[in-house]
Amino acid sequence: LCMAALAFVSLFPIFPMYSSPMVKDSLFLPIMVLFGVQCVEIVRSRGEVLRRTSFWGTLIGLALALSLTKKTGMYIAILVCLLLVAVTRRGLRRRLIVVVAAVAAVMMIMLPKVVFPLADVAPGGKQEMLSIPFQQSARLLRYYGDAILKEQRDAIERVLGEDVAQRYAVTSADAVKGYVWDSEKDRYLLPYAKAWLQGLAEHPLTYVEAFLGMESAWLALPNAGDEHVGDLLMPVYAQGTNHSFFEGHEQLGLTASDTTMASRVEHLIDWAERTPVGMMLFSRAIWTTWMTAFVVYECLRRRRHDGWLRLLGVTPLVVSYCFLWISPVSGSIESMRYMVPQVYIMPLAFAVLAVRSMGTATTQPQPAPVKRNEVLRFVYVLNIVSCFAVVLLHTTLPVYSPQPTWHWLEMLSLQSLAIFAVPVFFMVSGMNLLGYRNRYPTSVFFRKRFWRVGKAMLLGSLACYVLFCVFPYS
């Protein structure tokens, strides 16, 4: 199992392609993984590992490095350490608080108040943290600009510009917020906040649509028939050593090496991603939302044992995922920098699920092992393979619009390979029903099944109903 995990991390293109080129956040990724390993060790030992000065010092160093290499790293480090206080023994909690205090002191006091003024470094602009309300205001002016009050419109345009309605793009806030911040706009932020609240009260669905438009790639699964399917996949950038596009790169010591082979590798990976099988393996939504949801579900499902410990062990993954929902874009190669940390730390999260116990040896007497029924591993394999087959069936939907093309023939072939999924699910369900009356009466069986299946159906139907009401024409 360890060798299989090592092979996957080594060969799955996202790991090497975002580790080797000089791209933004490359330095942040290994730090995030090491910080996640430290967090798992804290949970496993109930904080006892913090007694070692070397471990504690390393944790402080990783938390600071996490904060210095990515803007959201500070918040991830602080929130994770505060959450780990819950599992740490009382006498060692102060050490986690010291980590939080060190990060806060460096990032909130020392850098902005001392280092930046001395080095004549301009502080970051406010446009990044305000990207979501800016995008919502731009959509409001785009579709209801003539219906709102002049004072409200003027308050928005003083901050975002008179042409903000024309610059609005559904999937990205970059054109609206811009890349620099004019400090002269600070005095207009209070009137803007009042105009934003007024727009929220009058057009709440417009704000919801603007938000989901930016973050849709974290939820939407790719489909072969979608012309923008690339926005839902994970593209790679293999030409990071080529600086020839930058005039004057020689004076800065930047190279302009031949990237012919790197370009071929990049195009090969992009082609593989757009195949029906590749769309499953490289889906943004699967690696972010749906894998994270699975990890959290598996932890909560074990709440009677050590599920809450496992959940605390994957807090870097969960906290990092939450910050995806405040990113200014989700469907371009620029947004990869927000989600790649999720991909890197996901194997660690699955390792937390796979271990038998999250605790270390204790002096407490251990209960006798409970005799369990025989585990039919082939049933798990059938279910897993069938799940992938179902996803494959739903990513080859162009087969239902038959055209005499090789693309349609490819979709038809893959549909034929995956069509076994639903019959296998029925057969596995029937096998599990054999002898159920030896365990409980038929009335109890139907009551349990109705609740388990019914709540999932009701929740899914409610979610679809809300989405169709919010987006009736999408």
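Side chain to side chain, Q342 and T292 meet the donor-acceptor criterion of an N or O pair below 3.5 Å. When only modelled atom types and interatomic distance are considered, W196 and Q136 share a side-chain donor-acceptor pair under 3.5 Å. Counting only N and O atoms by type, the side chains of T396 and Q415 include a donor and acceptor under 3.5 Å apart. Side chains of T72 and Y338: a donor-acceptor N/O pair is absent below 3.5 angstrom, by distance only.
T289 places a side-chain N or O within donor-acceptor distance of the main-chain N or O of W218, the cut-off being under 3.5 Å. Distance alone, capped at 3.5 Å, places no donor-acceptor pair between the Y344 side chain and the V33 backbone. Side-chain atoms of E41 do not come within 3.5 Å of backbone N or O of G47 as any donor-acceptor pair. Side-chain atoms of W287 come within 3.5 Å of backbone N or O of L281 as a donor-acceptor pair. Side-chain atoms of T88 do not come within 3.5 Å of backbone N or O of L92 as any donor-acceptor pair. Counting only distance, with no hydrogens or angles, the side chain of S330 and the backbone of A217 share a donor-acceptor pair below 3.5 Å. Judged by distance alone, with hydrogens and angles left aside, the side-chain atoms of R310 form no donor-acceptor pair with the main-chain N or O of C299 at under 3.5 Å. For the pair S283 (side chain) and M280 (backbone), a donor-acceptor distance under 3.5 Å is absent.
Heavy-atom neighbours of F388 CZ from other residues, nucleotides or ligands within 6.0 Å: at or below the threshold of 12. More than 12 heavy atoms of other residues, nucleotides or ligands sit less than 6.0 Å from atom CH2 of W181. With a 6.0 Å radius and a threshold of 12 heavy atoms from other residues, nucleotides or ligands, R94 has its CZ atom at or below the threshold. R439 CZ: more than 12 foreign heavy atoms inside a 6.0 Å radius. For F211, the CZ atom is densely surrounded, since the number of other residues' heavy atoms within 6.0 Å is greater than 12.
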Pair M346, V295 - check side-chain contact (heavy atoms from CB on, under 4.5 Å), show working. CA-CA 9 Å; M346 193 63 72; V295 170; 4.3 Å; yes

Set out, in order, the CA-CA distance, both residues' side-chain angles and the distance that settles side chain to side chain donor-acceptor pair (under 3.5 Å) for S67 and Y75, then state yes or no. CA-CA 8 Å; S67 306; Y75 305 105; over 6 Å; no

Please lay out, stage by stage, how S137 and Y207 fare under the test side chain to side chain donor-acceptor pair (under 3.5 Å). CA-CA 8 Å; S137 298; Y207 280 23; 4.5 Å; no

Any chance you could lay out the side-chain contact (heavy atoms from CB on, under 4.5 Å) test for I97 and L82, step after step, and finish with the verdict? CA-CA 7 Å; I97 300 301; L82 290 177; 4.3 Å; yes

Pair L66, K70 - check side-chain contact (heavy atoms from CB on, under 4.5 Å), show working. CA-CA 7 Å; L66 205 68; K70 194 178 181 73; over 6 Å; no

Go through the steps for M291 and I286 under the test side-chain contact (heavy atoms from CB on, under 4.5 Å), then give the verdict. CA-CA 6 Å; M291 282 193 183; I286 288 178; 4.0 Å; yes

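For the atom pair CG of L29 and CZ of R337, the computed distance is 11.0 Å after rounding to the nearest 0.5 Å. Interatomic distance, W308 CH2 to D306 CG, rounded to the nearest 0.5 Å: 9.5 Å. The distance from the CG atom of L34 to the CE atom of M32 is 11.5 Å, given to the nearest 0.5 Å. Note that CG of L130 is 11.0 Å distant from CD1 of I326, once rounded to the nearest 0.5 Å. For the atom pair F55 CZ and L62 CG, the distance stands at 9.0 Å (nearest 0.5 Å). Going from atom CG of L111 over to atom CE of M74 covers 10.0 Å, rounded to the nearest 0.5 Å.
Tested against L59 for a side chain to side chain contact (heavy atoms under 4.5 Å, CB included), the candidates I42, V98, L84, L64 yield a single pass: I42. Of the candidates V103, V99, L83, V103 is the only one forming a side chain to side chain contact (heavy atoms under 4.5 Å, CB included) with I78. Of the listed residues (R51, R52, R46), just one forms a salt bridge (Lys or Arg N to Asp or Glu O under 4.0 Å) with E48, and that residue is R51.
Contact check on K177 versus E128 returns a salt bridge, with a Lys/Arg side-chain nitrogen under 4.0 Å from an Asp/Glu carboxylate oxygen. Under a 4.0 Å N-O distance rule, the pair D231/R284 does not qualify as a salt bridge.
Shown here for P316 and C39, the closest heavy-atom pair between the two residues is CG-SG, 3.8 Å. When all heavy atoms of R139 and T206 are compared, the closest pair comes out as CD-O, 3.4 Å. Residues P347 and V9 share a closest heavy-atom pair of CG-CG2, 4.3 Å. Listed here is the closest heavy atom pair of V329 and E334: CG1-CG, 4.4 Å. Closest non-hydrogen pair, L50 versus R95, comes out as O-NH1, 2.9 Å. Taking all atoms of both residues into account, the shortest heavy-atom contact from Y192 to P133 is OH-O, 2.9 Å.
Inter-residue side-chain proximity for F134 and Y168 is flagged as unmet; no heavy-atom pair is nearer than 4.5 Å. A heavy-atom distance below 4.5 Å is not found between the side chains of M17 and E266. Taking 4.5 Å as the limit, some side-chain heavy atom of I31 sits within range of a side-chain heavy atom of T69. Using a 4.5 Å heavy-atom threshold, the side chains of F445 and R437 count as separate. Side-chain contact check for L219 versus W290: some heavy-atom pair is nearer than 4.5 Å. Counting only heavy atoms from C-beta outward, the side chains of F420 and S386 approach each other to under 4.5 Å. With contacts defined as side-chain heavy-atom distances shorter than 4.5 Å, the pair K126/D186 qualifies. At a threshold of 4.5 Å between non-hydrogen side-chain atoms, the residues S327 and E215 count as touching.
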Could you give the side-chain donor-acceptor pairs of residues 421-434 under 3.5 Å, partners two or more places apart or in another chain?
{"residue": "S429", "atom": "OG", "partner": "F425", "partner atom": "O", "Å": "2.9"}
{"residue": "N432", "atom": "ND2", "partner": "V428", "partner atom": "O", "Å": "3.3"}

Counting only pairs under 3.5 Å, give me each side-chain donor-acceptor contact of residues 268-277, with atom names and distances, residues two or more places apart or in other chains.
{"residue": "E273", "atom": "OE1", "partner": "M234", "partner atom": "N", "Å": "3.4"}
{"residue": "T275", "atom": "OG1", "partner": "A272", "partner atom": "O", "Å": "2.7"}
{"residue": "T275", "atom": "OG1", "partner": "G278", "partner atom": "N", "Å": "3.1"}

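Separation of the F8 and F12 ring centroids falls under the 6.0 Å cut-off.
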